[in-house]
Amino acid sequence: MTALVEEKKVEIEKGDIMSGRVIVVTSGKGGVGKTTTNANIGTALARAGKKVVMIDTDLGLRNLDLLLGLENRIVYTIVDVVEERCKLKQALVKDKKNPNLCLLAAAQTRDKTAVTEEQLKDICEQLKKDFDFILVDCPAGIEQGFQNAIAGASEAIVVTTPEMSAVRDADRIIGLLEAKEEIKSYKLLVNRVRPNMIKTNDMMSVEDVSEILSTPILGIIPEDAGIITSTNKGEPIVNDEKSLAGQAYANVARRILGEDVPFLNLEEDTSVMGKVKKFFSGLLGKEK
Amino acid sequence: MKDIFTDLYNKVLGFFRQTEKNQEEESTKDVACNRLKFVLMQDRTNLTPELMDRMRKELVELLSKYVEMDKEALELGFEQEGNQMALMLSIPVLRAKDEAEIEATLAKEDEEKAKLEENKEAEPDEASDDTAEVITDADNSIADETDETDTDETEEEISAVSDADETVSKSDAVVTKPVSKTASKTETEDKKVKAVK
């Protein structure tokens, strides 16, 4: 009951009529963590009690199913939906561990032309009625696949890393998002941040990236070996509350829900060597 | 013996000071930031180095009518200031021209213009002012394509310099830009040009 009231409130605030939020996760460059981000934010939102559906639009190169551990349960894909071999609801794979979470998988055997912008927009519109959040996983690149993915979205998360090529590609994406009227807001998620390298000025800081792209930050995710092991298991890292990257993703989800959550302090060098070095440099600094 | 200890001490110190040393030189982070800023300006404005060079030449041509400047030391580039992109032009002024000189140049130009008009009456207003117009027009067209919420106006701030009568040495002009009487700065503020793409 209270949930219903809350939802109503959000709708009134946003001025939307009876609809969920469609957020596209995009990056331009491949391999910066779009799909990981999608899986984790979606899982975190679902854990927070929201009804979430993720759409994998990376036709031919689907991976979101793997990250969620749902690869063996896919019967129908998004292409089956648009070619009317099944109903939209039939194609949604429900996560058994988290009943709030659904996946609409991409077809692995087809290419990006199998679904059009209009069709994707239509799917998003239909899903809006039943879900609080529709997260669209966008393929790499700025071609048709990208245009399809952003077609139904009104918000965007631009994933980047503090590397030159990723930032440059993100800038292109931001330019394209800005030109798209339907996209009302976009924010930056800086992934694979290495605080120690930033400290020694060997990596651009998150502030540098945000300033260069003149785009606000939604989240900062540290580089974490746990991402690989969690992918191995098919379980998003956000389920592991001890993991720093997991906490960071959980915080991103809370910010999406409107909470004002401070960024995690990643600066502290907690390794033994770091502490020793700090101690000695402090000592020697005083002597001089 | 003493030397060995000093040496050792310095080495140990050097090890722990590594990070501080890096700050003195340009860190790889700064290199990355600068290279990135440069390349993004090109991406966003669609201005290749060749076009920038042409713009520079045209500006030199235009401004030389009014001031005698160090053509080689003229700096032209884009800078990001928060949400806005600015076209920064820094011109070391060698000597201010006196009124007579300027008037002479302009009169000569008007003459040429008049001649040109006589030749082709169909196309008026062809000559020198064009250079400036081409540039501002380009800026505006870029701005027009972007968000309507932002101002499309092109602000120009030309802070001409006092005491310009004095002739000042070239090197002086370049180094002491902000303080000296010789520097003149033309700032063409433009709005974000991102959406051009």
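As the structure is a prediction and not an experimental result, all values here were calculated from the model. Every chain is numbered from 1 and lettered A, B, ... according to where its sequence line falls, protein lines coming before strand lines.
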CZ/B:Phe38: more than 12 non-hydrogen atoms of other groups inside 6.0 Å:
no
Run A:Met204 and B:Leu36 through side chain to side chain contact (heavy atoms under 4.5 Å, CB included) and show every step you take.
CA-CA 11 Å; A:Met204 279 186 279; B:Leu36 199 54; 3.9 Å; yes
Nearest heavy-atom contact between A:Leu213 and B:Leu40 is CD2-CD1, 4.5 Å
What I want to find out is whether A:Asp171 reaches B:Arg44 closely enough, with some N-O distance under 4.0 Å, to be called a salt bridge.
yes
From B:Cys33 SG over to A:Ile212 CD1, what is the distance, rounded to the nearest 0.5 angstrom?
4.0 Å
Mind checking what makes side chain to side chain donor-acceptor pair (under 3.5 Å) contact with A:Thr116, not counting sequence neighbours?
A:Gln119
Can you establish whether the number of heavy atoms outside B:Lys71 located under 6.0 Å from its atom NZ is more than 12?
no
What closest approach, in Å, do B:Lys29 and A:Met203 show between heavy atoms, and which atom pair accounts for it?
CG-O, 3.5 Å
Counting only heavy atoms not in A:Lys187 (residues, nucleotides, ligands), do more than 12 fall under 6.0 Å from its NZ?
no
Here the gap from A:Asp208 atom CG to B:Lys37 atom NZ, rounded to the nearest 0.5 Å, amounts to 7.0 Å
The side chain to side chain contact (heavy atoms under 4.5 Å, CB included) partners of A:Arg192 (sequence neighbours excluded) come to A:Thr161, A:Glu223
